[in-house]
Protein chains: 2
Amino acid sequence: MNIIEFLKTKIELSETEIEQISKIISRKKFDRKELILPVENSSKKIFFIEDGFCRVFYAKKEKDITLYFLQENQIGLPVDSIFYDQICKFGIEAISKGTVATINYEKWQTLTEQIPNLQKFTNSMMISYVKNATDRIYNLKFQTPKERYEMLQTAFPSIFLHSPLGHIASYLGITQETLSRLRAKR
Amino acid sequence: MNIIEFLKTKIELSETEIEQISKIISRKKFDRKELILPVENSSKKIFFIEDGFCRVFYAKKEKDITLYFLQENQIGLPVDSIFYDQICKFGIEAISKGTVATINYEKWQTLTEQIPNLQKFTNSMMISYVKNATDRIYNLKFQTPKERYEMLQTAFPSIFLHSPLGHIASYLGITQETLSRLRAKR
DNA sequence: AACTATTTTTGATTTCAATCAAAAATCAAC
DNA sequence: GTTGATTTTTGATTGAAATCAAAAATAGTT
């Protein structure tokens, strides 16, 4: 979904407000395997996935680990860079073709000061970000790879159509061979 | 540190504002092993650790896993309950004696609408919460138990004086025996 | 459709941490 | 300080998943 459409499902916006917001959005199509945000980069942008699937990952010497997946209407936020002026460890890679809307965070910030409803949206965006992260920590600490696999199936069924096994395995915390065996049973 | 003192280090507050805030704070001393927030409870309160150490944990059938530690001036936030009206999976347990300030989130919320600086504080609280959570995910997915151990030592050196090994081990993601062996080397 | 490249599955072996069990050390209470 | 309880360390064994290697299956290209 187009980000403006998405905003309109969450908050009320006047025509002029929509225009203001539209001005700071840039939109880009991406292909499978395309790097939307490189690892260990500094980027102060919001990445809103309008269409398609991505993975947030970290890669260093041989290891390539998927932290989480993003699907339509979800947001990637380089927290380290935007809020702490640090290099962001994670990168974002496309696992299907699609469209991403990117917004310079500073410009977004100035708009939120003018549009109260947009501030509300930003707040709830942060809250859902916190929620996702804490859920993920629970999932990593307290659930088994199998349970993780099942949760992923219900939360992101279409990921399996797009993502190579290896990325899913690293998300679950097992090797691709183990995942292959895990799902062969039954 | 007293929460009011802490707020004053972060934002400017008038005398009347301080009074307003003070009214909604309740303060409680706790002892070692005391349960500050039971597991799978519903609580819409902010827990600010004024003094001492706690752990945020989850426990179910035999398993008892520490998600993270809290020390002085840190905040425990039952995200699920406050923002999603769900039961909060995690509990908070004291690992030393100390003091916790608890604040009803709704009352806090109303105050933030009146005190703009307090809103700023809440925003940066959410941001640091996001930062901590995403760092933790990175730590869990990309670092070894040994690296985790070393990070914990630098970030929370005093945890080791208060917490039984088992809790630290579950935080790191290994058994207590393995941790014991890990630190015996050298 | 045929060929190539990539991805997934299957098999055999190894390894590292969990488990089980007991001893040693530390802590707490009297 | 002594006793008992709790926590930590050490040792032996087991098991589950990683690794290594190759075959099978799938997808992509001309």
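These numbers come from a predicted model, not from an experiment. Here is how names work: the chains are called A, B, and so on, in the same order as the sequence lines, proteins then strands, and each is numbered from 1.
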Tell me, please, the opening and closing nucleotides of DNA chain C, 5' to 3', among those with an atom under 4.0 angstrom from a non-hydrogen atom of chain B. C/dA17 to C/dC20

Taken in chain and number order and not counting sequence neighbours, the residues that satisfy ring pair (Phe, Tyr, Trp, His ring centres under 6.0 Å) with B/Phe47 are none

Could you work out, with side-chain contact (heavy atoms from CB on, under 4.5 Å) as the rule, every residue matching A/Lys131, not counting sequence neighbours? A/Asp135, B/Val79, B/Asp80, B/Tyr84, B/Gln86

Summarise how protein sits on nucleotides 24-30 of chain D as a single string, 5' to 3': B when a protein heavy atom is under 4.0 Å from the base, S for sugar-phosphate-only contact, - for no contact. -------

Proximity to DNA chain C (any heavy atom under 4.0 Å), residues of residues 155-166 of chain A only: A/Pro164, A/Leu165

5' priority, DNA chain D, between B/Leu179 and A/Thr175 [closest heavy atom]: B/Leu179

Mind checking whether A/Tyr129 and B/Tyr129 have ring centres under 6.0 Å apart? no

Here the distance between atom C1' of D/dA18 and atom CG of A/Leu172, to the nearest Å, is 15 Å

Close side-chain approach of B/Met125 to B/Ile75, heavy-atom, < 4.5 Å: yes

Within 45 degrees of the ring normal and closer than 6.0 Å to the centroid, is that where the cationic atom of B/Lys89 sits relative to A/Tyr138? yes

In this structure, is the centre-to-centre distance between the rings of B/Phe6 and B/Phe48 below 6.0 Å? yes

Decide, yes or no, whether a salt bridge links B/Lys97 with B/Asp51 under the criterion of side-chain N to carboxylate O below 4.0 Å. no

Parallel, tilted or perpendicular: which describes the rings of B/Phe69 and B/Phe156, with under 30° parallel and over 60° perpendicular? tilted

Does B/Asp31 offer a backbone N or O that forms a donor-acceptor pair with the side chain of B/Glu34 under 3.5 Å? yes

At 4.0 Å (heavy atoms only), tell me whether A/Lys33 reaches a base, stays on the sugar-phosphate, or touches nothing. sugar-phosphate

Using five pairs at each end of the helix from C/dA1-D/dT30 to C/dC30-D/dG1 to define an axis, what is the angle between those two axes, to 10°? 60°

In whole Å, what is the span from the CZ atom of B/Arg181 to the P atom of D/dT13? 13 Å

Using a strict cut-off of less than 4.0 Å between a Lys/Arg side-chain nitrogen and an Asp/Glu carboxylate oxygen, indicate whether A/Glu93 and A/Lys33 qualify as a salt bridge. no

Could you check whether B/Phe30 and B/Phe53 have their ring centres less than 6.0 Å apart? no

Do the two ring centres, one from B/Tyr68 and one from B/Tyr171, sit under 6.0 Å apart? no

Measure from NZ or CZ of A/Lys63 to the centre of the six-membered ring of A/Tyr58, then state whether that distance is under 6.0 Å and the direction lies within 45° of the axis. no

